[in-house]
Amino acid sequence: MRPPAEPERQFAEPWHAELFAATHALAAAGAFAWPEWAAAFGDALARADAAGGPKDSSDYYDVWLSAFEAFLIERGLADDDSLSGLKAAWTEAYLSTPHGEPVSLSE
Amino acid sequence: MSKDEEHTHAHSLLPSEPALRVRAIETLLVDKGLVDPKAMEAIIEAYSNDIGPQNGARVVARAWVDPDYRSRLMDDATAAIAELGFSGMQGEHMVAVENTDAVHNIVVCTLCSCYPWPVLGLPPAWYKSTEYRARAVRDPRGVLSDFGVTLPAETETRVWDSTAEIRYLVIPQRPAGTDDLSEDELAALVTRDSMIGTGLVFAPGGA
């Protein structure tokens with residue numbers, strides 16, 4: 001634990017920003033109260049730590065992602081089948097879209 | 001170009017596995033009408049550009065130069081911070097804690113990473129680390145020493161554990177020799193770490 005030598009970027013990966021924004025936007029829209037999510041996330045971080053996860057927070061957004069998926073499913077806001085179906089559809093879209101063209105899901 | 005390279009570059013670069021899972025979540029929430037994609041974009045834009053420690057620095061500098069503002073800040077930080085145009089997305093309640101010769105304040109979130117986002121932006125990696133979250137409470141002076149901060153033995157350290165409802169902002173001590181500086185010049189001296197309590201503010205050129 002040392003102060004960083006150079007300024008850190010706000011988000012290390014674009015998906016960190018997207019996940020952060022999706023979580024906040026959904027809370028702001030009233031789908032859940034922030035403390036409910038903070039409690040679920042806190043539990044997930046504690047479990048990851050107990051399971052021997054990295055201590056330097058490098059897995060922070062990975063834990064956030066898994067906890068958010070579970071939270072959405074538990075609240076009935078998402079289901080496992082839809083999430084895996086959409087992930088497969090996005091993968092297919094990336095693999096079938098020529099390089100340089102915008103990637104989108106076909107209807 | 002070999003056959004393999006041709007194949008690799010024929011289609012768009014596949015995002016990482018977690019990136020695809022996030023994309024799936026976004027698509028589902030937007031399709032269900034639960035979130036507005038424009039709201040998401042606005043959040044990313046704000047946190048990438050507009051929201052960061054420079055906001056907290058303005059609050060601190062104002063408190064240093066304006067005793068009335070300082071009183072309002074210590075009394076009701078949420079309202080005083082909103083006066084400068086900064087407010088939270090989740091209605092977090094803000095509390096300002098002031099460093100003095102007698103007391104040095106440090107902020108942590110032992111649960112996860114609750115942080116005063118509107119005034120400091122996103123937390124640095126070390127704030128989220130297991131080590132900081134555990135050690136700040138147990139051994140604040142050891143943590144401060146890691147950050148190069150040594151306090152007089154008689155100074156009391158107070159550790160504030162943030163929650164989802166209450167976020168703390170440390171008001172660092174104004175360094176000596178800064179009487180002639182403008183509010184903007186003072187704000188430029190205030191670092192992120194000084195507002196978490198793991199740093200001090202120094203006069204320009206001094207140390």
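Reminder, nothing fancy here: chain letters follow the sequence lines and each chain counts from 1.
When heavy atoms are compared at a cutoff of 4.5 Å, B:Ser16 approaches chain A solely by way of its side chain, counted from C-beta outward. Only the backbone of A:Pro54 comes within contact range of chain B, judged by heavy atoms closer than 4.5 Å. For A:Ala46, no part lies under 4.5 angstrom from a heavy atom of chain B. Looking at A:Thr91, the atoms closer than 4.5 Å to chain B (heavy atoms on both sides) sit in the backbone and in the side chain alike. If you measure heavy-atom distances from A:Ala31 to chain B, you find no contacts under 4.5 Å at all. Using a 4.5 Å cut-off between heavy atoms, B:Glu17 contacts chain A through both its backbone and its side chain. Interface remark: A:Leu77 contributes backbone and side-chain atoms alike to the contact with chain B (heavy atom separation under 4.5 Å).
Contact detail for A:Lys55 and B:Ser129: the closest heavy-atom pair is O-CB, 3.2 Å. Scanning both residues, B:Ala164 and A:Pro35, for their nearest heavy atoms gives CB-CA, 3.5 Å. Closest of all the heavy-atom pairs between B:Cys112 and A:Gly42 is CB-CA, 4.1 Å.
Listed by first and then second residue, the side-chain hydrogen bond (donor to acceptor under 3.5 Å, both in side chains) pairs involving residues 66-76 of chain A are A:Glu36-A:Arg75, A:Ser66-B:Arg21, A:Glu69-B:Arg21 (not counting sequence neighbours).
Chain A forms more heavy-atom pairs under 4.5 Å with one residue of B:Ile51, B:Ile43, B:Leu122 than with any other, namely B:Leu122. Looking only at heavy-atom pairs under 4.5 Å with chain B, the residue among A:Leu95, A:Asp56, A:Leu45, A:Leu19 that has the most is A:Leu95. Between chain A and the options B:Gly52, B:Gly121, B:Pro15, heavy-atom pairs under 4.5 Å are most frequent for B:Pro15.
For the atom pair CZ (A:Phe20) and OG (B:Ser48), the distance works out to 9.5 Å, reported to the nearest 0.5 Å. Atom CG of B:Leu20 sits about 11.0 Å away from atom CH2 of A:Trp15, to the nearest 0.5 Å. The structure places CD of A:Glu18 at 5.0 Å from CZ of B:Arg23, a figure rounded to the nearest 0.5 Å. In this structure, B:Leu111 CG and A:Phe41 CZ are separated by 9.0 Å, a value rounded to the nearest 0.5 Å. Note that CG of A:Asp49 is 11.5 Å distant from CD of B:Glu131, once rounded to the nearest 0.5 Å.
Using cut-offs of 30° and 60° on the angle between ring planes, the pair A:Trp34 and B:Trp117 is perpendicular.
Residues of residues 24-37 of chain B that come within less than 4.5 angstrom of chain A, heavy atom to heavy atom, are B:Ala24, B:Ile25, B:Glu26, B:Thr27, B:Leu28, B:Leu29, B:Lys32, B:Leu34, B:Val35 in numerical order.
A donor-acceptor pair under 3.5 Å is absent between the side-chain atoms of A:Ser57 and the main chain of B:Trp126, judged by distance alone.
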